[in-house]
Amino acid sequence: MPTVKYQRGDMVMGRWPGSSLYYEVKVLHFDAKSQLYTVIYKDGTELELKEQDIKSAAGFQSRPRSRSRSRSPGRRRSRSRSPARTTRPSCTAAAVAAAAITESTPPSRSDAKLKDSFEVRLIPPEQTKASENNGNKKHEKKEDNEPANKVNEKSEPEKNQSRYNLRRRKDDGDGKAEVKAEQLEEKEAKMAAAAAPPSVSLDFGGKLGAYFWLLFLPAWVLFLVLKVNQEDPSLANFPPPWPPLESFWDAKALGFVVLWILFQVLLYILPVGKLSEGMPLRSGERLKYRTNGFFAMVVSCVAVAAAVQQGADLTYIHSHFLQLAVSSFLISVLLSSYLYLRSGRAAAEQLALGGSSGNVAYDFFKGRELNPRIKYFDLKFFCEMRPGLIGWCLINFALALTEMKRQGLEAPSHAMILVNLFQLLYVADGLWNEEAILTTMDLMHDGFGFMLAFGDLVWVPFTYTLQAYYLVSRPTPLSPPALAAIVTLKLVGFYIFRKSNSEKNAFRRNPSDPQLSHLKTIPTATGRSLLVSGWWGVVRHPNYLGDLLMALAWSLPCGFSHLLPWYYMIYFIILLVHRDSRDMSECRRKYGSAWDEYCRTVRYRIIPRVY
Ligand SMILES: NC(=O)C1=CN([C@@H]2O[C@H](COP(=O)(O)OP(=O)(O)OC[C@H]3O[C@@H](n4cnc5c(N)ncnc54)[C@H](OP(=O)(O)O)[C@@H]3O)[C@@H](O)[C@H]2O)C=CC1
Ligand SMILES: CC(C)=CCC[C@@H](C)[C@H]1CC=C2C3=C(CC[C@@]21C)[C@@]1(C)CC[C@H](O)C(C)(C)[C@@H]1CC3
């Protein structure tokens, strides 16, 4: 192939995205269509690079420290208080490669210091910039706050510095011009990284999987809704009776759903509440979000109470559950189609990683655009946090009223009260801590497409309410000890869930938060660190553990007569196990062997000593 400069198996130097640093990589593959080389770093991290980001190894050498008069990364480090200054690389892709070029033997893992202190492997682009910019004291402060780094600072001799000074020979010793060229390169590389995100493997079963999920998810919701309406919803009583076609559609139901969504839109755009910043995007930009979810929930409760006071019959929700679900489904399909169409016009840097497979079904399902917005109105954030989530509580409340009416009760049953209160607490907590959602996977990494639109508008309100629906016509008495045990379980789960989510959110927002200074961290090549003690040192997803305990507490009040009210628990285990593995791959890609280090230190994923 005449146009291919580097061949498979060639050892070359690849630019680390977002920086001007080059590391040794092996060429795995060249894609003629995208003109991208797939390269692999020494620790197994794979990236796709443009030809201009690859140089032949012959043009590189490690710069001897004595000649390092310029503001090279290594030298900048030696002036700053960054941990990178004082530690030696151990195993990130880039650092291993760096060490491999400058030393005959790569850094040894058996290094005694490695055991107790987590080491910096590479100057992260952000850190490099921070040290370069003397005015940026914030970053230095952050590093000071990390005890693990302090240990490193004391223990590592400066002589290691020169090992990271990898640059092209022609740049050597060229004072100001060099700095300028370097800054330009860094800027270019950043833009390239933003514009051409590295491709990631397709999850959810890839393209075929997308077709499957597009058909299966709506069918499954329909199945559940029909099943819970059966007098005997046991598995043996299969299939549930198919209702007449005309009963799927009700214009009034569609009207109610549209009104509800518009009401939530109105509450969302009111200039009430805090404007919170999201995490930095690949372009470096930080979007602003109006986090007034709790306010929206309170106003919605007042509005619903007023409507009931005025004689509105909420049992309509129970009797038209199917039609309301179908209406929401139609809206989610319309929304997803709009999202897919508009994503065609989105700039490359606005797309989620892996969101552009080129396959219509997959991209429609998974969503391409990361943060689709109409002016300041963030569609993904709004859909995830408002109509479906608050709607879930409204439906639960309506089902409690229906239970009272059906069973001639003066108050809802204990089981119904527990389910209502538990789930209300879950939603209210999510909305109270709305800002925390900005550091979750959905907001940071996932595109907005059918999966989330359907999940937010149909799946959450019409399947998360199944326990309450189940209880409407199936009285389930609870003994006082059972009641106490279930409440305790819920509170324990909630405590773990809230504390761990808040800890991660606080750390991501401000790594130098004095309240977190006791926590150990592992620095990574991206400039972000990973918590390795506290909640995130117990298991890799303590928040999932808390969430699962809560899910158990939601099913227990419904007893053990049927599987249906346990559906949420089963689904949730599958969802979280899959989410955990998706997150593992994503973090492995992002953090390279710093992530492996974290996984070796924190061995269990969700349940200590079990999983
Ligand atoms: N009820 C429901 O239906 C659902 C509820 N949930 C709940 O939503 C919440 C959010 O979940 P989800 O978005 O899946 O995942 P997380 O909130 O756990 O976010 C995962 C991200 O956190 C960061 N991270 C991972 N490990 C560490 C660490 N050691 N130190 C610092 N940061 C770390 C990484 O992002 P980075 O490093 O880029 O910051 C990672 O990608 C959870 O509580 C979950 O239980 C989730 C799904 C469905
Ligand atoms: C099968 C299918 C269609 C899956 C879609 C998954 C979505 C239903 C969930 C993905 C992540 C979610 C979160 C919440 C609700 C469910 C979805 C949208 C959440 C808003 C619930 C309230 C919590 O407090 C939370 C804010 C942490 C949570 C965030 C993730």
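What's counted below: heavy atoms across the whole structure, side chains too, no hydrogens, waters or symmetry copies. For clarity, every value in this text was computed on a predicted model and none was experimentally measured. Counting starts at 1 for both ligands and their atoms, following the listed order.
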Protein residue, atom and distance nearest to atom 4 (C) of ligand 2, heavy-atom basis: Leu575 CD1, 4.3 Å
- prompt: Parallel, tilted or perpendicular: which fits the ring planes of Phe216 and Trp213, with parallel below 30° and perpendicular above 60°?
  reply: perpendicular
field: Contact check, Glu434 vs ligand 2, heavy-atom distance below 4.0 Å
entry: no
- prompt: Polar-atom distance check: Met441 versus ligand 1, any N or O pair below 3.5 Å?
  reply: yes
message: My question is simple, although I want it checked carefully: is atom 15 (O) of ligand 1 less than 4.0 angstrom from any protein heavy atom?
response: yes
query: Which ligand 2 atoms does Arg579 reach within 4.0 Å, using its non-hydrogen atoms?
result: 10 (C), 11 (C)
task: Kindly confirm or rule out an N or O of Trp595 lying under 3.5 angstrom from an N or O of ligand 1.
output: no
task: Look at ligand 1 and say whether Tyr568 reaches it with a heavy atom at a distance under 4.0 Å.
output: yes
message: Would Asn543 count as being in polar contact with ligand 1, using the rule that some N or O on each side must be under 3.5 angstrom apart?
response: yes
- request: Compute the minimum heavy-atom distance from Lys590 to ligand 1 and say whether it is under 4.0 Å.
  value: yes
statement: Closest to atom 11 (O) of ligand 1 among protein heavy atoms sits Tyr544 CE1, 3.7 Å
task: State whether any protein heavy atom lies less than 4.0 Å from atom 13 (C) of ligand 2.
output: yes
task: Identify the residue among Phe397, Phe462, Trp554 that makes a ring-ring contact (aromatic ring centres under 6.0 Å, His included) with Trp392.
output: Trp554
message: Is the ring pair His578/Phe204 parallel, tilted or perpendicular, if the boundaries are 30 and 60 degrees?
response: perpendicular
task: Give a yes or no answer on whether the side chain of Trp536 reaches the backbone of Ser500 with a donor-acceptor pair at less than 3.5 Å.
output: yes
- line: Nearest non-hydrogen protein atom to atom 37 (O) of ligand 1, with distance, is Tyr591 OH, 2.3 Å
message: Could you tell me, atom by atom, which parts of ligand 1 come under 4.0 Å of a heavy atom of Tyr598?
response: 29 (N)
query: Which one holds for Phe497 and ligand 2: side chain close, backbone close, both close, or neither close, with close meaning a heavy atom under 4.0 Å?
result: side chain
- line: Of all protein heavy atoms, the one nearest atom 44 (C) of ligand 1 is Asp547 OD2, 3.4 Å
task: Could you point out which residue of Lys366, Lys380, Arg579 forms a salt bridge (Lys or Arg N to Asp or Glu O under 4.0 Å) with Asp442?
output: Arg579
task: Specify the protein heavy atom at minimum distance from atom 25 (C) of ligand 2: its residue, its atom name, and the distance to 0.1 Å.
output: Tyr426 OH, 4.6 Å
task: Indicate yes or no for a side-chain donor-acceptor contact from Lys207 to the backbone of Val360 under 3.5 Å, with no hydrogens or angles considered.
output: no
query: Among all protein non-hydrogen atoms, which one is nearest to atom 24 (O) of ligand 2, and what is the separation to 0.1 Å?
result: Gly430 CA, 3.4 Å
- request: Among all protein heavy atoms, pick out the one at the shortest distance from atom 31 (C) of ligand 1; state its residue, atom name and that distance to 0.1 Å.
  value: Arg508 NH2, 3.5 Å
task: Could you say whether the N/O atoms of Leu531 and ligand 1 ever approach to under 3.5 Å?
output: yes
- line: Logged contact type for Val602 with ligand 1, heavy-atom cut-off 4.0 Å, is neither
message: I need the contact type for Asp429 against ligand 2. Using non-hydrogen atoms and a strict under-4.0 Å cut-off, is it side chain, backbone, both or neither?
response: neither
task: State if His445 counts as touching ligand 1 under the rule of any non-hydrogen atom under 4.0 Å.
output: yes
Flag for Trp566-Tyr571: side-chain donor and acceptor within less than 3.5 Å: no
task: Answer with yes or no whether the side chains of Glu369 and Ser343 bring together a donor and an acceptor at under 3.5 Å.
output: no
task: Establish, from distance only, whether the side-chain atoms of Gln264 and Ser300 form a donor-acceptor pair under 3.5 Å.
output: yes
- prompt: Mind checking whether Lys504 has a heavy atom under 4.0 Å from ligand 1?
  reply: yes
message: Which residue and atom name correspond to the protein heavy atom nearest atom 46 (C) of ligand 1, and how close is it?
response: Arg579 NE, 3.6 Å
- request: Return the residue, atom name and 0.1 Å-rounded distance of the protein heavy atom closest to atom 2 (C) of ligand 1.
  value: Phe572 CE1, 3.2 Å
- prompt: Heavy-atom contacts under 4.0 Å between Cys587 and ligand 1: side chain, backbone, both, or neither?
  reply: side chain
query: Any idea which part of His578 is under 4.0 Å from ligand 2, heavy-atom wise: side chain, backbone, both or neither?
result: neither
message: ring pair (Phe, Tyr, Trp, His ring centres under 6.0 Å) for Phe382 and Phe377? Distances and angles first, verdict last.
response: CA-CA 8 Å; Phe382 169 76; Phe377 192 93; 5.0 Å; yes
Pair Tyr544-Asp583, side-chain donor/acceptor within less than 3.5 Å: no
query: Relative to the heavy atoms of Ile437, which atoms of ligand 2 are at a distance of less than 4.0 Å?
result: 26 (C), 29 (C)
field: Plane angle bin for Phe454 and Trp459 - parallel if under 30°, tilted between 30 and 60°, otherwise perpendicular
entry: tilted
- prompt: Can you find an N or O of Asp583 that's nearer than 3.5 Å to an N or O of ligand 1?
  reply: yes
task: Walk me through it: do Tyr426 and Phe497 pass the test ring pair (Phe, Tyr, Trp, His ring centres under 6.0 Å)?
output: CA-CA 10 Å; Tyr426 188 66; Phe497 169 83; 5.4 Å; yes
- line: Tightest non-hydrogen contact, residues Val333 and Phe364, listed as O-CZ, 4.5 Å
field: Donor + acceptor pair across side chains of Ser357, Asp363 (<3.5 Å)
entry: yes
- request: Measure the distance from atom 1 (N) of ligand 1 to every protein heavy atom, then report the residue, atom name and distance (to 0.1 Å) of the closest one.
  value: Tyr426 OH, 2.8 Å
- prompt: Which atoms from ligand 2 have a heavy atom of Asp442 less than 4.0 Å away?
  reply: 10 (C), 11 (C)
query: Just by distance, do the side chain of Thr524 and the backbone of Ser529 share a donor-acceptor pair under 3.5 Å?
result: no
query: Is it true that Glu503 and Arg508 have a side-chain N and a carboxylate O under 4.0 angstrom from each other?
result: no
query: What's the shortest distance from atom 30 (C) of ligand 2 to any protein heavy atom, and which residue and atom give it?
result: Glu384 OE2, 3.4 Å
task: Taking the six-membered ring of Tyr289 (Phe, Tyr or Trp), confirm whether the NZ or CZ of Arg373 is under 6.0 Å from its centre and within 45° of its axis.
output: yes
Verify atom 28 (C) of ligand 2: protein non-hydrogen atom under 4.0 angstrom away: no
query: How close does the nearest protein non-hydrogen atom get to atom 15 (C) of ligand 2, and which residue and atom is it?
result: Val460 CG2, 4.2 Å
query: Looking only at heavy atoms, is any part of Val427 under 4.0 Å from ligand 2, and if so is it the side chain, the backbone, or both, or is it neither?
result: neither
task: Could you list which atoms of ligand 2 come closer than 4.0 Å to a heavy atom of Asp456?
output: 18 (C)
message: Does the protein place a non-hydrogen atom closer than 4.0 angstrom to atom 19 (C) of ligand 2?
response: no
- prompt: Which residue and non-hydrogen atom of the protein lie closest to atom 48 (C) of ligand 1, and at what distance in Å?
  reply: Leu575 CD2, 3.4 Å
- request: Verify the distance criterion only: is there a donor paired with an acceptor across the side chains of Asn501 and Asn543 at less than 3.5 Å?
  value: yes
- request: Answer yes when Arg498 and Asp429 have at least one side-chain N-carboxylate O distance shorter than 4.0 Å, and no when they do not.
  value: yes
message: With a 3.5 Å distance limit and no angle check, can you tell me whether Arg290 reaches the backbone of Gly273 through a side-chain donor-acceptor pair?
response: yes
- prompt: Heavy atom under 4.0 Å from ligand 2: found in Thr440's side chain, backbone, both, or neither?
  reply: neither
